[in-house]
Amino acid sequence: MLTDISRPEQILCKSLAPLVRNHAVGDSIHVPPQGNFFFSALQFFMPIILREVHSEWRYEGLDDLLPSRFQKTGHREIELIGLAQCLSDMTTIPFHLCLQLSTTYDSVSWVDLKMGDCVGQSHTRWHVAKRLDSINWLYHVGYGEREL
């Protein structure tokens, strides 16, 4: 039993591992309907790691993750770009998450997460992936070592 990682990270790894194993580098990943555990785990995982560096995330949570780009970018590695809703005020914010699973697929060995400023109603999840350079990234957290 894994005890040194959070429950959201355990669920995230368990649901992400088969998706990563079954796709080639560069493939888009489509989460099947039964894959909702992955997005649910992410809704808890992302605030947990943001809290490590940004105290304003202490009481914040996320809901309604809307991916615009989800692909396998390397060995045991994914990139996910999209929008999420902050629970405290229901604002919609962009996120950019890159992570790599450990060699045993049971923990996250490397992560790079950015959360942006509130986006207006005119922005859709598809605009986020196309306009990464113009997003005002308010929060950034990274840890671990990426294996190439």
Side-chain angles (χ1 to χ4, degrees), residues 5-54 56-102 105 107-148:
I5 61 172
S6 69
R7 184 71 178 140
E9 185 175 346
Q10 290 176 34
I11 296 168
L12 175 75
C13 294
K14 185 176 181 177
S15 58
L16 183 57
L19 297 173
V20 171
R21 284 183 176 125
N22 294 327
H23 287 85
V25 173
D27 282 355
S28 290
I29 300 174
H30 302 284
V31 179
Q34 67 272 24
N36 287 340
F37 291 118
F38 171 73
F39 290 113
S40 295
L42 267 182
Q43 289 172 188
F44 290 98
F45 177 73
M46 291 193 304
I48 287 171
I49 62 172
L50 284 164
R51 288 177 194 134
E52 295 292 323
V53 177
H54 302 285
E56 52 270 47
W57 278 85
R58 184 173 179 193
Y59 299 109
E60 186 60 84
L62 295 174
D63 197 14
D64 292 335
L65 296 181
L66 299 170
S68 64
R69 183 187 319 159
F70 186 19
Q71 69 182 105
K72 183 173 177 177
T73 53
H75 185 57
R76 303 181 326 273
E77 184 179 307
I78 59 104
E79 176 185 46
L80 180 61
I81 301 167
L83 297 172
Q85 198 168 53
C86 290
L87 288 176
S88 63
D89 59 7
M90 303 310 279
T91 56
T92 301
I93 60 173
F95 67 88
H96 183 197
L97 173 69
C98 297
L99 68 79
Q100 187 176 58
L101 296 176
S102 67
Y105 292 86
S107 65
V108 174
S109 59
W110 171 77
V111 69
D112 186 75
L113 172 63
K114 297 176 190 170
M115 301 294 282
D117 205 355
C118 177
V119 295
Q121 296 275 354
S122 63
H123 286 78
T124 66
R125 60 185 168 168
W126 308 114
H127 287 108
V128 174
K130 293 178 183 175
R131 304 179 76 161
L132 283 178
D133 294 343
S134 64
I135 293 173
N136 181 23
W137 298 112
L138 296 177
Y139 306 101
H140 182 223
V141 173
Y143 69 81
E145 241 181 86
R146 182 179 179 202
E147 291 181 19
L148 298 177

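All values derive from a computational prediction rather than experimental measurement. Both backbone and side-chain heavy atoms feed into the values below; hydrogens, waters and symmetry mates do not.
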>> Please give me the minimum heavy-atom distance between Phe39 and Leu65, naming the atom from each residue.
In response: O-CD1, 3.6 Å
> Does Glu9 use its side chain to pair, donor to acceptor, with the backbone of Val108 at less than 3.5 Å?
Replying inline: yes
>> How close do Met46 and Leu113 get, counting heavy atoms only, and between which atoms?
In response: SD-CD1, 3.7 Å
>> Please enumerate all residues that pass side-chain contact (heavy atoms from CB on, under 4.5 Å) together with Arg146, with sequence neighbours excluded.
In response: Glu77, Gln100, Trp110, Leu148
> About how many Å separate SG of Cys13 and CG of Leu99, when rounded to the nearest 0.5 Å?
Replying inline: 8.0 Å
> So do the side chains of Lys72 and Val20 get within less than 4.5 Å of each other, counting heavy atoms only?
Replying inline: yes
N/O donor to acceptor pairs below 3.5 angstrom from side-chain atoms of residues 21-28, sequence neighbours left out:
from  : atom 1 : to    : atom 2 : distance (Å)
Asn22 : ND2    : Pro18 : O      : 2.9
His23 : ND1    : Leu19 : O      : 2.6
Asp27 : OD2    : Ala24 : N      : 2.8

> In terms of heavy-atom contacts, does CZ of Phe44 have more than 12 from other residues, nucleotides or ligands at under 6.0 Å?
Replying inline: no
> With sequence neighbours left out, what residues match Glu147 under salt bridge (Lys or Arg N to Asp or Glu O under 4.0 Å)?
Replying inline: Arg76
> Sequence neighbours excluded, which residues qualify as side-chain contact (heavy atoms from CB on, under 4.5 Å) partners of Pro47?
Replying inline: Arg51, Trp57, Leu62
> Under the side-chain hydrogen bond (donor to acceptor under 3.5 Å, both in side chains) test, which residues partner Glu79, sequence neighbours left out?
Replying inline: Arg69, His96
> What residues, two or more places apart in sequence or in another chain, satisfy side-chain contact (heavy atoms from CB on, under 4.5 Å) together with Asp63?
Replying inline: Gln43, Leu87
> Going through the checks in order, is the side-chain contact (heavy atoms from CB on, under 4.5 Å) test met by Met115 and Leu138?
Replying inline: CA-CA 6 Å; Met115 301 294 282; Leu138 296 177; over 6 Å; no
> For Ser134, what residues pass the side-chain hydrogen bond (donor to acceptor under 3.5 Å, both in side chains) criterion, not counting sequence neighbours?
Replying inline: none
>> Does any part of the side chain of Leu83, heavy atoms only, come nearer than 4.5 Å to the side chain of Asp64, both counted from C-beta?
In response: no
>> Going by the rule side-chain hydrogen bond (donor to acceptor under 3.5 Å, both in side chains), which residues pair with Gln71 if we only count those two or more places apart in sequence or in a different chain?
In response: none
> Passes side-chain contact (heavy atoms from CB on, under 4.5 Å), Glu52 versus Tyr143? Steps please.
Replying inline: CA-CA 10 Å; Glu52 295 292 323; Tyr143 69 81; over 6 Å; no
>> Would Asp117 and Ile135 count as a side-chain contact (heavy atoms from CB on, under 4.5 Å) here? Give the steps.
In response: CA-CA 7 Å; Asp117 205 355; Ile135 293 173; over 6 Å; no
> Roughly how far, to the nearest 0.5 Å, is the OG atom of Ser107 from the CG atom of Leu12?
Replying inline: 10.5 Å
>> I'd like to check the side-chain hydrogen bond (donor to acceptor under 3.5 Å, both in side chains) partners of His140; sequence neighbours left out, ordered by chain and number.
In response: Asp112
> What distance separates Phe70 CZ from Ile78 CD1, expressed to the nearest 0.5 Å?
Replying inline: 5.0 Å
> Mind checking what makes side-chain contact (heavy atoms from CB on, under 4.5 Å) contact with Ile11, not counting sequence neighbours?
Replying inline: Arg7, Phe37, Ala41
> So, the side chain of Lys114 versus the backbone of Phe95: is there a donor-acceptor pair under 3.5 Å, distance only?
Replying inline: no
> Just by modelled atom types, is the Glu60 backbone N or O under 3.5 Å from a matching donor or acceptor in the Ser88 side chain?
Replying inline: no
